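When a residue number appears, it is its place in the shown sequence, counting from 1. Because the structure is a prediction, the values reported are computed rather than measured.
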Amino acid sequence: MLGIILTGHGSFATGLYEAVVQVIGKQAQFTAINFPDGMSSEVLEQQLTDALKKCDKGDGVIFFTDILGGSPFRLSAMLSYQFNNVEIISGTNLPILLEMLLQRDELDAESFRLRALDIAKSSITSLWDENIKKSIDKKEYSDGI
């Protein structure tokens with residue numbers, strides 16, 4: 001099973017972690033590392049390294065980060081060059097995280113990354129767009145299609 005490390009600025013990581021636990025319960029090989037104001041990059045790097053070693057049981061680890069280019073992302077990326085089977089996914093939201101936690105048993109790190117990017121494209125929407133989809137579906141059914 002792939003390990004999952006969730007990291008980001010402030011309480012981003014633990015906030016999402018708690019939401020995941022509320023929705024699907026505690027998950028094995030899944031941890032959250034915050035980067036609060038005032039924490040040094042060196043401390044964050046050490047915490048991420050420790051989490052990686054703890055979460056990796058041989059199948060690899062996926063880092064989910066908040067924003068591309070931020071310290072959590074950059075430090076996770078640096079670690080990905082030092083360890084095997086590590087992928088970094090940026091722009092994390094709750095729908096992607098939930099879906100991918102439930103699929104990680106059947107995927108390797110690369111397939112996991114590709115699947116997460118596909119899910120990301122469909123996880124962002126608006127009420128207007130969803131209503132349009134529903135009205136199109138209703139029209140198709142009423143036309144006998």
Side-chain angles (χ1 to χ4, degrees), residues 1-138 140 145:
M1 175 185 343
L2 292 166
I4 305 288
I5 300 170
L6 177 58
T7 186
H9 295 84
S11 299
F12 173 84
T14 53
L16 273 180
Y17 180 92
E18 290 172 7
V20 165
V21 170
Q22 183 178 355
V23 175
I24 62 174
K26 281 199 157 261
Q27 300 295 304
Q29 293 173 245
F30 176 49
T31 193
I33 306 294
N34 286 329
F35 184 48
D37 190 29
M39 177 188 272
S40 71
S41 292
E42 292 79 15
V43 170
L44 177 60
E45 182 178 9
Q46 186 59 55
Q47 288 184 4
L48 292 173
T49 301
D50 293 345
L52 192 151
K53 291 176 181 174
K54 178 182 164 193
C55 287
D56 189 7
K57 303 296 183 198
D59 293 324
V61 171
I62 309 297
F63 282 91
F64 278 95
T65 71
D66 55 355
I67 55 175
L68 181 67
S71 295
F73 174 86
R74 286 185 300 103
L75 293 170
S76 298
M78 287 182 356
L79 288 173
S80 75
Y81 294 114
Q82 299 171 24
F83 294 86
N84 293 327
N85 295 321
V86 175
E87 295 281 352
I88 317 299
I89 297 171
S90 179
T92 304
N93 62 35
L94 186 57
I96 297 166
L97 192 56
L98 288 168
E99 181 102 16
M100 295 313 300
L101 276 163
L102 296 172
Q103 293 186 31
R104 66 184 166 144
D105 287 344
E106 57 205 46
L107 300 171
D108 62 24
E110 181 182 3
S111 299
F112 184 100
R113 174 180 45 84
L114 295 171
R115 177 73 182 124
L117 294 177
D118 283 342
I119 290 169
K121 293 172 187 169
S122 64
S123 73
I124 302 293
T125 189
S126 72
L127 177 60
W128 186 87
D129 290 295
E130 292 303 306
N131 284 336
I132 291 298
K133 286 180 197 173
K134 287 180 183 174
S135 67
I136 290 171
D137 287 344
K138 286 180 184 176
E140 286 178 359
I145 297 175

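Taking all atoms of both residues into account, the shortest heavy-atom contact from S40 to F35 is O-CE1, 3.9 Å. Heavy atoms only, all atoms of each residue included: L68 and S90 are closest at N-OG, 2.8 Å. Residues G91 and I96 share a closest heavy-atom pair of O-CD1, 4.3 Å. The two residues Q27 and G25 come nearest to each other via the heavy atoms NE2-O, 3.1 Å. Here the closest non-hydrogen pair linking D129 and T125 is CB-OG1, 3.7 Å. Considering all non-hydrogen atoms of both residues, S76 and P72 come closest at OG-O, 2.7 Å.
Side-chain contact between L79 and F63 is present, with at least one heavy-atom pair separated by less than 4.5 Å. With a 4.5 Å cut-off on side-chain heavy atoms, T7 and L44 count as touching. Using a 4.5 Å heavy-atom cutoff, the side chains of L52 and F83 are in contact. By the 4.5 Å heavy-atom criterion applied to side chains, N93 and I124 are counted as neighbours. At least one side-chain heavy atom of I4 sits less than 4.5 Å from a side-chain heavy atom of R104.
Each side chain to side chain donor-acceptor pair (under 3.5 Å) pair with one or both residues in residues 51-70, not counting sequence neighbours, appears once here: H9-D66.
The closest donor-acceptor contact from the side chain of S11 to the backbone of T14 lies at 3.5 Å or more, if one exists at all. A donor-acceptor pair under 3.5 Å links the side-chain atoms of Q29 to the main chain of C55, judged by distance alone. In this structure a side-chain-to-backbone donor-acceptor pair under 3.5 Å is missing from S80 to V86.
More than 12 heavy atoms of other residues, nucleotides or ligands lie within 6.0 Å of CD in E130, so this atom counts as buried by the packing criterion.
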For I89 and M100, run side-chain contact (heavy atoms from CB on, under 4.5 Å): C-alpha distance rounded to whole Å, both residues' side-chain angles, the deciding distance at 0.1 Å, then the answer. CA-CA 11 Å; I89 297 171; M100 295 313 300; 6.0 Å; no

Under the criterion side-chain contact (heavy atoms from CB on, under 4.5 Å), I'd like the reasoning laid out for M39 against N34: C-alpha separation, chi angles, the key distance, then a yes or no. CA-CA 9 Å; M39 177 188 272; N34 286 329; over 6 Å; no

Chi angles and distances behind the side-chain contact (heavy atoms from CB on, under 4.5 Å) call for L48, E45: CA-CA 5 Å; L48 292 173; E45 182 178 9; 5.8 Å; no

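Rounded to the nearest 0.5 angstrom, E87 CD and L117 CG are separated by 9.0 Å. One distance of note links CD of Q47 with OG1 of T31; it measures 9.5 Å at 0.5 Å rounding. Atom CD1 in I132 sits 10.0 Å away from atom CG in L127 (nearest 0.5 Å). The CD1 atom of I62 lies 8.5 Å from the CG atom of N85; values are rounded to the nearest 0.5 Å. Annotation: the span from L102 atom CG to I24 atom CD1 amounts to 4.5 Å, rounded to 0.5 Å.
For Y17, the ring-ring contact (aromatic ring centres under 6.0 Å, His included) partners are F30, not counting sequence neighbours.
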